[in-house]
S.K.: 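Sending over a structure as structure tokens; questions will come in a sec.
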Protein chains: 2
Amino acid sequence: MGASIPPDGCNQLICMTCRSRSQSDWCVLNDDEIALIDKVKLVRTCRKGDLLYAQGDTCHSIFCVVSGMVALRKSDADGNSILLRLVHAGQTLGYRDMFADKMYTNSAEVLRPSAVCQIPEAAVRKLLEHNPKLGFQFLNHCAADQESTEESLLHQITLPVRSRLIHLLLTLKDRYGDRADDGSLVVSLPMTRQDIAALLGTRPETIARTINDLVSDELMNFAGRIVSIPNLDVLLDEIESPGL
Amino acid sequence: MGASIPPDGCNQLICMTCRSRSQSDWCVLNDDEIALIDKVKLVRTCRKGDLLYAQGDTCHSIFCVVSGMVALRKSDADGNSILLRLVHAGQTLGYRDMFADKMYTNSAEVLRPSAVCQIPEAAVRKLLEHNPKLGFQFLNHCAADQESTEESLLHQITLPVRSRLIHLLLTLKDRYGDRADDGSLVVSLPMTRQDIAALLGTRPETIARTINDLVSDELMNFAGRIVSIPNLDVLLDEIESPGL
DNA sequence: CGGGGGTTTGAGTCCGTTCAAAATACGTGG
DNA sequence: CCACGTATTTTGAACGGACTCAAACCCCCG
């Protein structure tokens, strides 16, 4: 068999030409090192609901999201669970547990159709030995992730659901937002309201009610998953002084 | 002036002989490298309320708690604040922000009289270059810290104050607990109830009331900061199935 | 066009908060 | 060692944000 012709978009699944390469944790690797990853990695095409790995699994891979969106979900023994964080295209996940635990301490759940590269631990360890810069890259990334988790914790404790929801929308606008003809900002939500609730540490009912309030207050309009925000400044004002 | 005679306990403040050396992040360093730290470090003796650094300060040091206890406090623009985590004797703090930000993203507040070594960033960077193992040590530590922050987040969202308080007591018992003559477990709390409240994301009033409940339910006895727990298993049962 | 998940609405409840005041513990100086 | 002033802790009563449970609704997809 000769080399098969790659289907549309497939060349994005080769690290060597991956558009995220220069901004990802792997940017410190040279061509030879990248080639090693291309040799051993596994490319997975995932649908909503798929698990890249489950909490409790023994950890033996790192994942790199090529396209789509993944969430980290953490559960306890009583069946409670929350979404810790979203992982977008170009970001790496799973490396954390590789250094701290032998098991995954959360599950990686695909929220929308995604392509993901899976890199086995052995290769990662080899690369780390070979190129210490990669370790620093991970250290940086890990430190930044923790800062974001600590901020979630602070928000969770001190802010009401309404403010937390506004914060989330403002985060999503950078990646999923666009300017409409009339100048208003339009964000197309990449997830269900259940997922939003889990991410904000609340219930779907509360999200529905809070959205109602925001619409009544004319801060935004909702049509399914399409949010339009006429005046961003009003939103920013509100989260700066929640009491007023 | 000749070399002054070290006061009592002062030899613990020399890394070379520090009792925590073998279990700390610095255990991967050899004698020469440790000697470098001893040369450049600053030893601080702190009282309750002192700040090792404040949120927003530019980050140029790593700290190592020799004795006592430090808490990481994070605040937002509205004056809300929470305690993120406790840092006990032998543990390192401040390294996180050195890799993620140029500024400290939280404050390090001394909760009880403590001795702390302060190591300037330049020395740390030099050591990292010289001995890559140290970087891995930090990576490990950072990963473990994040796991603990994520667990706090899960607890915060899913568990009531009562369960969170029990969890905290069970954590403190390892370090501050002792067995009494009658077989009950006695924990001497290392912090005020205000600090407990801040750590659990609630108010002092709620802590007082929750303690009342626990005493009424005969799960434990309180006398100021001395807690005695007659039967540990009952506690463990409760946090395994909070609903019953 | 009929599921079936996701979403919304309603009513009632509860946990934790807020505010204010009383009680207690603590540290400091006499 | 005791008295005093301050900070912490406790108690009380009222309020409120978010939860629970349950039912209706809606939309998307097959």
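Chain letters run A, B, ... following the sequence lines, proteins first, then strands; residues in each count from 1. As the structure is a computational prediction, the values presented were derived from the model and not from experiment.
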S.K.: Quick one: are the ring centres of A:Tyr95 and A:Phe63 less than 6.0 Å apart?
M.R.: no

S.K.: Closest to the A:Glu205 side chain: C:dG16, D:dC21, D:dT11?
M.R.: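 Out of C:dG16, D:dC21, D:dT11, the nucleotide with an atom closest to A:Glu205's side chain is D:dC21.
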
S.K.: Ignoring hydrogens and angles, state whether a donor on the side chain of B:Arg96 or B:Thr105 is under 3.5 Å from an acceptor on the partner side chain.
M.R.: yes

S.K.: Going by the rule side-chain hydrogen bond (donor to acceptor under 3.5 Å, both in side chains), which residues pair with A:Gln118 if we only count those two or more places apart in sequence or in a different chain?
M.R.: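 So A:Gln118 forms a side-chain hydrogen bond (donor to acceptor under 3.5 Å, both in side chains) with A:Arg44, A:Ser61.
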
S.K.: What is the separation between atom CZ on A:Arg112 and atom P on D:dC28, rounded to the nearest whole Å?
M.R.: 15 Å

S.K.: Answer yes when A:Asp195 and A:Lys48 have at least one side-chain N-carboxylate O distance shorter than 4.0 Å, and no when they do not.
M.R.: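 Looking at A:Asp195 and A:Lys48, the cut-off is met.
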
S.K.: Whole Å only: how far is the CG atom of A:Leu159 from the C1' atom of D:dA18?
M.R.: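 Atom-to-atom, A:Leu159 to D:dA18, this comes out as 15 Å.
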
S.K.: Send over the distance from B:Ile157 CD1 to D:dA18 C1', rounded to a whole Å.
M.R.: 13 Å

S.K.: Respond yes when some side-chain nitrogen or oxygen of A:Thr206 is under 4.0 Å from OP1 or OP2 of D:dA18, and no when none is.
M.R.: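 No, because none of the side-chain N or O atoms of A:Thr206 sits under 4.0 Å from OP1 or OP2 of D:dA18.
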
S.K.: Of all heavy-atom pairs between B:Gln91 and B:Leu86, which one has the smallest distance, and what is that distance?
M.R.: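 The pair with the smallest heavy-atom distance is OE1-O, 4.0 Å.
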
S.K.: Between D:dC19, C:dT8, D:dT11, spot the one nearest the side chain of A:Arg209, thanks.
M.R.: D:dC19

S.K.: Are B:Asp145 and B:Arg85 close enough for a salt bridge, meaning some N to O gap below 4.0 Å?
M.R.: yes

S.K.: Whether the side chain of B:Arg162 and the base of C:dG16 hold a donor-acceptor pair under 3.5 Å is what I'd like checked.
M.R.: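 Side chain to base: no pair present.
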
S.K.: Any chance the rings of B:His60 and B:Tyr53 have centres within less than 6.0 Å?
M.R.: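 B:His60 vs B:Tyr53: aromatic centres not under 6.0 Å.
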
S.K.: Just to be sure I understand the geometry, which residues of residues 190-198 of chain B put a non-hydrogen atom under 4.0 Å away from DNA chain D?
M.R.: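 When residues 190-198 of chain B is checked for heavy atoms under 4.0 Å from DNA chain D, the hits, listed by number, are B:Thr192, B:Arg193, B:Gln194.
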
S.K.: Output the rounded distance in Å from NZ (B:Lys48) to C1' (D:dA7).
M.R.: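 Those two atoms, NZ and C1', are 11 Å apart.
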
S.K.: Once you round it to whole Å, what is the distance between P of D:dA18 and CG of A:Asn80?
M.R.: 18 Å

S.K.: If I take atom CD1 in residue B:Ile211 and atom P in nucleotide D:dT9, what distance separates them, rounded to the nearest angstrom?
M.R.: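 Atom CD1 in B:Ile211 sits about 9 Å away from atom P in D:dT9.
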
S.K.: Any residue in residues 212-230 of chain B with a heavy atom nearer than 4.0 angstrom to DNA chain C? Just list them by number, or reply none.
M.R.: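 Of all residues in residues 212-230 of chain B, none places a heavy atom under 4.0 Å from DNA chain C.
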
S.K.: Would you kindly say whether B:Arg225 and B:Thr192 are connected by a side-chain donor-acceptor distance under 3.5 Å?
M.R.: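 On atom types as modelled, these side chains do not qualify, holding no pair under 3.5 Å.
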
S.K.: Here's a test of your reading of the structure: between B:Val161 and B:Arg47, which maps to the more 5' nucleotide of DNA chain C?
M.R.: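 The answer here is B:Val161.
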
S.K.: Check the distance between C:dG5's C1' and A:Leu111's CG and give it to me in whole angstrom.
M.R.: 16 Å

S.K.: Taking atom C1' of D:dT10 as reference, at what distance in whole Å does atom CD1 of B:Ile207 sit?
M.R.: 13 Å

S.K.: Please name the residue in the list B:Glu151, B:Glu150, B:Glu147 that meets the side chain to side chain donor-acceptor pair (under 3.5 Å) test with A:Lys74.
M.R.: B:Glu147

S.K.: Considering non-hydrogen atoms only, spot the tightest contact between A:Leu219 and A:Arg162 and give its length.
M.R.: CD1-NH2, 3.4 Å

S.K.: Between the base of C:dT8 and the side chain of A:Arg203, is there a donor-acceptor distance below 3.5 Å?
M.R.: no

S.K.: As a test of reading the structure: which of C:dT8, C:dT17, C:dC19 is closest to the side chain of B:Thr202, going by heavy atoms?
M.R.: C:dT17

